[in-house]
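Take a look at the structure below.
Note that the structure is a prediction, hence the values are computed from the model and not measured. Basis for what follows: all heavy atoms, side chains included, without hydrogens, waters or symmetry-related copies.
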Amino acid sequence: MPINGCGADMRSVEAPTELLTTAELVLVRVDPQRVYVRADFMRGDGDQFWPMELELIEPSLYLRTDAAASARFAAAFDGHVRARLGPSG
């Protein structure tokens with residue numbers, strides 16, 4: 001679907017295992033951990049993935065790219081808040 005008439009599209013894709021492994025190595029270094037992070041990667045020499053951008057604040061959240069995205073985000077947010085509040089929260 002074109003975005004703002006620019007011809008770009010936004011869609012959900014399955015990430016290759018190598019990308020997920022690289023993303024985990026990068027995102028574990030984000031402190032404090034966030035409920036939402038968008039990470040953009042590119043392929044470099046040897047087909048390795050390299051981080052280009054970490055988006056720690058995203059107004060869109062891309063919830064329309066997957067039917068279950070809203071529920072996953074709500075559950076993650078709830079878990080994050082409950083972990084911060086502790087047992088008395």
Side-chain angles (χ1 to χ4, degrees):
M1 78 186 81
I3 307 295
N4 297 329
C6 296
D9 68 2
M10 187 181 345
R11 56 192 161 106
S12 180
V13 297
E14 292 290 325
T17 302
E18 298 84 9
L19 175 56
L20 295 175
T21 301
T22 301
E24 287 176 7
L25 291 171
V26 170
L27 296 177
V28 73
R29 289 168 171 77
V30 175
D31 185 30
Q33 286 291 298
R34 305 292 184 206
V35 173
Y36 173 89
V37 174
R38 190 192 84 227
D40 296 342
F41 292 83
M42 62 181 235
R43 286 187 190 259
D45 294 337
D47 235 14
Q48 291 180 309
F49 287 99
W50 292 93
M52 286 186 355
E53 176 184 10
L54 292 179
E55 184 91 33
L56 302 177
I57 299 171
E58 175 60 59
S60 168
L61 297 177
Y62 300 97
L63 298 177
R64 65 185 171 140
T65 61
D66 184 296
S70 296
R72 284 194 309 268
F73 180 77
F77 185 80
D78 184 61
H80 183 78
V81 170
R82 288 177 189 272
R84 294 283 189 262
L85 292 176
S88 63

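The backbone N or O of His80 lies less than 3.5 Å from no partner atom in the side chain of Arg84, so there is not a single donor-acceptor pair. Here the side chain of Gln33 pairs a donor or acceptor atom with the backbone of Leu27 at under 3.5 angstrom.
Proximity of Asp47 to Glu18: side-chain heavy atoms (C-beta onward) are nowhere separated by under 4.5 Å. Proximity of Phe41 to Met52: side-chain heavy atoms (C-beta onward) are nowhere separated by under 4.5 Å.
Note: Leu61 CG to Phe73 CZ = 5.0 Å, rounded to the nearest 0.5 Å.
In the hydrophobic cluster analysis, where Ile, Leu, Val, Met, Phe, Trp and Tyr join through side-chain heavy atoms closer than 4.5 angstrom, Phe77 is grouped together with Leu63. Transitive grouping of hydrophobic side chains (ILVMFWY, heavy atoms separated by less than 4.5 Å) brings Val26 and Leu19 into a common cluster. Follow the hydrophobic side-chain contacts under 4.5 Å out from Val37 and you never reach Val35; the two are in separate clusters. Grouping the Ile, Leu, Val, Met, Phe, Trp and Tyr side chains by contacts below 4.5 angstrom, directly or via other members, places Leu25 apart from Leu54.
The number of heavy-atom neighbours closer than 6.0 Å to CG of Leu56, taken from other residues, nucleotides and ligands shown, is above 12. The local environment of CD in Glu14 is sparse, with at most 12 non-hydrogen atoms from other residues, nucleotides or ligands closer than 6.0 Å. The number of heavy atoms from other shown groups lying within 6.0 Å of OH (Tyr36) is above 12.
The shortest heavy-atom contact between Arg38 and Tyr62 is NH1-OH, 3.4 Å.
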Legend entry - side chain to side chain contact (heavy atoms under 4.5 Å, CB included) between Met42 and Phe49, intermediate numbers included: CA-CA 5 Å; Met42 62 181 235; Phe49 287 99; over 6 Å; no
